[in-house]
Amino acid sequence: MSQSILVVAVTAAQVMLALAMALALARMIRGPRAQDRVLGLDTLYVNSMLMLLVFGMRTGSALYFEAALIIAMLGFVATVALAKFLMRGEVIE
Amino acid sequence: MSHAADLPPGVAVVVAFFVVLGAGLTLVGSFGFYRLRSFYDRIHAPTLGTSWGTAAIVMASMILFSALQSRLVVHEILIGIFVTVTTPVTLMLLGRAALYRDRAERNPDVPAMDPPKGSLVASREDDGEPAAAVAQPDVSGP
């Protein structure tokens with residue numbers, strides 16, 4: 001009973017997150033400007049982190065949590081570096 | 001998902017509600033990000049996913065693992081805290097960068113930099129004319 005509820009909910013969540021990732025990827029490809037692409041990459045990072053958390057709930061292992069934490073950190077650093085590059089033309093001055 | 005076979009149905013319903021809520025909000029945010037027209041509109045949409053999308057999925061994960069292991073499992077809250085703290089920093093930087101780029105290109109859709117008091121641009125802008133249209137004849141001035 002509870003297993004079937006969880007399977008349905010987690011599968012629906014995975015489908016929705018995959019669709020969200022596809023939309024972020026479409027905006028990243030379409031642009032039209034560089035800041036849209038950077039924001040699309042940031043959204044893609046957050047969505048994939050949530051997707052990994054849901055994968056961890058599905059498999060019941062703690063390994064996916066660590067991967068999600070690392071993806072969150074890398075997404076923050078990447079977006080800040082890219083925003084700095086857009087503003088100044090250099091990352092480290 | 002055979003590890004969740006002996007979960008109480010009430011806990012399963014709560015976990016299912018939160019995980020679907022988080023994923024749905026993330027989807028709505030990403031749809032808005034794809035759909036809205038200007039960048040300054042679009043920058044608001046994905047925050048649905050970074051605020052309640054992340055919080056709901058993290059809460060579902062914490063409830064599920066706490067119920068499965070019969071102890072308090074709260075390490076997922078690290079992700080929630082981290083995303084909550086870093087998202088405003090990221091979006092402020094990106095928004096300032098986009099504004100800087102638009103102003104450097106003299107894009108008429110964004111407000112210009114605050115002009116110094118008593119300057120020509122400020123006095124003409126008060127008449128209701130856009131700044132970009134006024135700035136052109138001043139180039140060939142004395």
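Quantities reported herein were computed from a predicted structural model and do not represent experimental measurements. Chain identifiers are assigned alphabetically (A, B, ...) following the order of the sequence lines, protein sequences preceding nucleic acid strands; residue numbering begins at 1 within each chain.
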Quick one: what part of [X] sits under 4.5 Å from any heavy atom of chain B, side chain, backbone, both or neither?
X	result
A/Asp42	side chain
A/Val46	side chain
A/Ser4	neither

Does any backbone or side-chain atom of [X] lie under 4.5 Å from a heavy atom of chain A? Answer side chain, backbone, both or neither.
X	result
B/Phe65	side chain
B/Phe39	both
B/Ile63	neither
B/Leu99	neither

Inset, instruction - For the pair A/Arg33 and B/Asp102, find out whether any cationic side-chain nitrogen is under 4.0 Å from an anionic carboxylate oxygen. - result: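 The answer is yes: the pair qualifies as a salt bridge.
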Legend entry - Nearest-0.5 Å distance that lies between atom CZ in B/Arg96 and atom CE in A/Met87: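 The CE atom of A/Met87 is 7.5 Å from CZ of B/Arg96, to the nearest 0.5 Å.
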Inset, instruction - Identify which of A/Leu6, A/Val10, A/Ile5 forms the greatest number of heavy-atom pairs closer than 4.5 Å to chain B. - result: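 Heavy-atom pairs under 4.5 Å are most numerous for A/Leu6.
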Inset, instruction - Could you tell me whether the side chain of B/Ser61 and the main chain of B/Ile57 form a donor-acceptor pair under 3.5 Å? - result: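 The answer is no, because no donor-acceptor pair under 3.5 Å joins these two groups.
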Inset, instruction - For the pair B/Thr90 (side chain) and A/Val80 (backbone), establish whether a donor and an acceptor sit closer than 3.5 Å, ignoring hydrogens and angles. - result: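 It does not hold such a pair.
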Which pairs of donor and acceptor atoms, one on a side chain in residues 15-31 of chain A, lie under 3.5 Å apart (sequence neighbours left out)?
from: A/Arg27; atom 1: NE; to: B/Phe33; atom 2: O; distance (Å): 3.4
from: A/Arg27; atom 1: NH1; to: A/Gly31; atom 2: O; distance (Å): 3.3
from: A/Arg27; atom 1: NH2; to: B/Tyr34; atom 2: O; distance (Å): 2.6
from: A/Arg30; atom 1: NH1; to: B/Tyr34; atom 2: OH; distance (Å): 3.1

Inset, instruction - Taking all heavy atoms of B/Arg42 and all of A/Pro32, pick out the closest pair and write down the distance. - result: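 Minimum heavy-atom contact is NH2-CD, 3.7 Å.
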Heavy-atom pair count under 4.5 Å with chain A, highest-scoring of [options]:
options	value
B/Thr54, B/Thr50, B/Val15	B/Thr54
B/Ala16, B/Gly22, B/Ala45	B/Ala16
B/Ala12, B/Gly29, B/Pro8	B/Ala12

Legend entry - Residues of residues 68-77 of chain B near chain A, each having a heavy atom less than 4.5 Å away: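 Contacts with chain A: B/His75, B/Glu76.
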